[in-house]
Student: 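Quick one: this structure, given as structure tokens, is what I'll be asking you about.
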Amino acid sequence: MRALARLVARADGRGGTALVELHGETPLLLRQTPTDGGVATVHLVGGAAGPLAGDDLRLEIEVGPGAAVRVHSVAASIALPGRAGAVSRMAVRAVVHADATLHWLPEQLVAAAGCAHLAESRIELAAGASLLWRDELICGRYGEAPGGAVVHTQVDYAGRPLLRQSLAVGPHAPGWAGPAVLGGAPATGSLLVVDPSQAAEPPMADGSVARLPLAGGPATLWTATAPDAHTLRAHLSV
Amino acid sequence: MATPSLLLLLADGRFPAGAHAHSGGLEAAVAAGRVTDLTSLEAFLAGRLATAGLVGAAFAAAAHRVAMPETVGSAHPARSARPSDAPVGSPARSGALARLDAELDARTAAPALRAVSRRQGRALLRAGRSIWSDAPFADLPATPGGAHQPLVLGLLCAAAGLSRVETATIAAYGTLTGAASAGVRLLGLDPYQVQALLVGLADACDGTAADAARAADDPPERLPAAAAPLADIHAEIHATWEVRLFAS
Amino acid sequence: MDPHPPLARAGRALRVGIGGPVGSGKTALVAALCRAFADELRLGVVTNDIYTTEDADFLRRAGVLDPARIRAVETGCCPHTAIRDDIGANLDAVDELAEAVGPLDLVLVESGGDNLTATFSRGLVDRQIFVVDVAGGDKVPRKGGPGVTAADLLVINKTDLAPMVGADLAVMDRDARARRGDLPTLFLSIVGDPTATSVADWIRHELAHHAAAHPLTVPVGPA
Ligand SMILES: Nc1nc2c(ncn2[C@@H]2O[C@H](COP(=O)(O)OP(=O)(O)OP(=O)(O)O)[C@@H](O)[C@H]2O)c(=O)[nH]1
Ligand SMILES: [Mg+2]
């Protein structure tokens with residue numbers, strides 16, 4: 001299945017945000033939910049379980065100068081096997097203009113046994129833009145070994161590379177479960193905080209979570225591994 | 001051209017570029033109880049090769065490509081390589097290296113790992129400058145702390161006349177051997193068995209180098225970015241220790 | 001005006017390595033030399049520790065030298081590698097010192113405590129001092145090794161302890177001469193002589209020699 005969804009937000013001139021474009025296609029549907037203090041809030045409403053290998057889903061987001069958007073999803077998405085040899089793909093492309101804010105806080109991605117999934121996000125931030133971007137990956141449904149999944153995140157700030165990371169798990173990612181990468185943790189994720197109004201805090205780490213100030217802009221990456229989705233969420237909440 | 005000997009020389013852990021002081025994250029993984037024996041060391045090495053190894057090798061290959069454009073597909077890459085047409089100090093070449101440096105920063109989320117990479121770059125540059133004084137090291141970006149190690153390695157290998165694949169091989173191999181010999185020292189493992197592990201990983205190392213060399217033809221933002229959450233977490237924990245045997 | 005005009009008007013600082021077994025008094029000697037040269041030389045210190053930065057921390061706490069003039073190198077299990085085979089990190093530290101505090105006359109490089117075989121590379125230091133102590137017994141000079149036989153200066157430290165450990169200084173002197181030929185050996189008690197006068201004098205002599213060998217290069221205009 002192929003689907004394209006698009007969300008365009010503009011400042012409404014009265015301190016709020018108007019969604020000037022909001023449309024999706026099954027299974028990638030967008031629903032506006034009540035606004036929260038000038039922040040337009042949108043939920044991704046998935047269809048049935050999915051994506052299935054072979055699906056190609058694309059979401060485009062543009063947040064105009066001064067606008068603020070928060071995106072959630074109603075449930076975890078579960079990448080499942082489909083046609084033999086096929087890959088499922090979820091591509092998100094976001095552009096956030098100056099003084100605009102995007103919060104991308106969806107539920108987890110679960111890589112089910114036998115899946116072949118690529119989650120690809122490209123985010124362009126203008127100087128002065130703010131961002132919260134959370135990616136959470138659960139390796140396999142309960143007690144199951146995951147199929148192949150790659151979570152790729154590419155963020156530029158003011159035309160400069162800010163973050164590039166590609167986390168790969170599953171049978172084609174050597175050593176992914178080992179002590180150099182996830183150390184046997186079934187849950188992992190990161191939260192990128194870009195906030196030009198605040199100086200980044202110094203690095204900090206304990207056994208399974210770290211706060212990492214980035215080199216390319218006013219940004220901090222929280223990265224974590226966890227025994228379950230709940231613990232992971234606790235590490236990656238601001 | 002005495003390429004094979006130069007390949008061995010630059011891949012040798014005794015090449016004076018500071019490698020002996022680094023464990024490639026192994027010391028922290030051992031302290032966390034995550035690496036305890038040969039089996040867990042092997043998993044560590046495999047994961048490190050597929051992440052830091054691939055990224056480092058791709059950036060070394062990309063820096064080599066800046067100095068010495070060549071097509072990897074050709075049958076004899078070493079012979080088809082030719083020095084870049086851009087003169088030393090050309091804005092094109094220094095701009096390309098500065099871009100690679102920023103791209104590698106964006107792939108190195110942990111400040112401790114960025115600092116280590118730059119420190120190792122400085123050590124390698126010192127060796128390179130005194131051996132290949134004509135090499136275009138002046139094109140490296142003047143980033144505080146020095147350029148990232150893979151960039152220096154790429155230029156050094158080009159100066160030594162090595163091919164792009166050979167450059168990537170040295171980079172990938174270096175990410176394995178440093179951690180492996182730290183494993184012998186930290187865990188008291190049987191050195192023969194650790195070498196046998198490396199033998200078992202040789203195909204993976206060559207494959208990683210080949211992938212990295214191919215990837216160097218992609219635009220900088222598309223170069224490999226394989227992440228390893230524990231590598232970042234371990235590096236920041238290690239940086240706070242008061243007593244440690246390795247600098248990283 | 002520089003309040004401490006350099007003794008050695010040399011192109012670059014004289015670099016003196018201080019090596020020797022664990023606990024023989026290397027850091028104590030560095031501290032003593034800092035006291036001796038405090039008002040005389042522009043001084044920098046590089047320490048090499050097996051674990052982290054113990055020696056540098058000690059020197060900073062001792063208050064014998066401005067902390068900005070002290071740099072620590074981490075050596076990763078192999079202190080001798082960092083001073084002999086792979087000297088880049090130490091050379092970086094020397095460069096960083098000069099960048100941080102300006103030109104120096106003398107840089108002391110303390111090795112991590114090691115064994116009798118550890119010596120400095122000539123690429124790193126101009127002169128090296130090997131420090132042993134009497135507490136290890138009077139056999140140490142007889143045992144030899146590159147440090148004892150080839151160092152530019154052998155210091156036999158902690159002579160105040162000789163009676164307590166039954167070390168015969170005459171035997172040590174005789175063995176040192178046998179091993180070292182014409183190279184000098186000094187007996188020292190830093191407890192008794194907190195500015196290590198004899199060692200400081202030896203360094204002054206070497207500095208003068210170094211200055212003569214490396215005269216200040218006067219910039220020459222284009223031909
Ligand atoms: N009695 C006596 N003790 C001394 C003398 N010199 C140094 N010490 C003591 O010997 C101990 C070791 O001295 P350090 O200067 O730390 O020795 P070191 O060679 O730097 O040791 P490492 O760096 O650990 O190898 C300290 O407790 C010093 O106070 C001396 O002349 N006489
Ligand atoms: Mg000491």
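Letters A, B, ... are given to chains in the order of the sequence lines, protein chains preceding strands, and every chain is numbered from 1.
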Student: Looking at B/R14, B/R185, B/E27, which makes the most heavy-atom pairs under 4.5 Å with chain C?
Tutor: B/R185

Student: May I ask you to check whether B/W241 and B/H238 place their ring centres under 6.0 Å from each other?
Tutor: yes

Student: May I ask you to check whether B/R119 and B/H22 show a side-chain donor-acceptor distance below 3.5 Å?
Tutor: no

Student: Can you tell me if C/D49 uses its side chain to pair, donor with acceptor, with the backbone of C/D55 under 3.5 Å?
Tutor: yes

Student: Pick whichever of B/A123, B/A17, B/S23 has the most heavy-atom pairs under 4.5 Å with chain C.
Tutor: B/A17

Student: Sort B/A127 into side chain, backbone, both or neither according to what part of it lies under 4.5 angstrom from a heavy atom of chain C.
Tutor: neither

Student: A quick test of your reading: do over 12 heavy atoms of other residues, nucleotides or ligands sit less than 6.0 Å from CZ of C/F37?
Tutor: yes

Student: Is chain C contacted by the side chain of B/A182, its backbone, both, or neither, given a heavy-atom distance below 4.5 Å?
Tutor: neither

Student: Counting only heavy atoms closer than 4.5 Å, note whether C/D85 contacts chain B via side chain, backbone, both or neither.
Tutor: backbone

Student: Do C/E110 and C/T27 have side-chain N/O donor and acceptor atoms under 3.5 Å apart?
Tutor: yes

Student: Which bit of C/D95 comes within less than 4.5 Å of chain B, counting heavy atoms only: side chain, backbone, both or neither?
Tutor: side chain

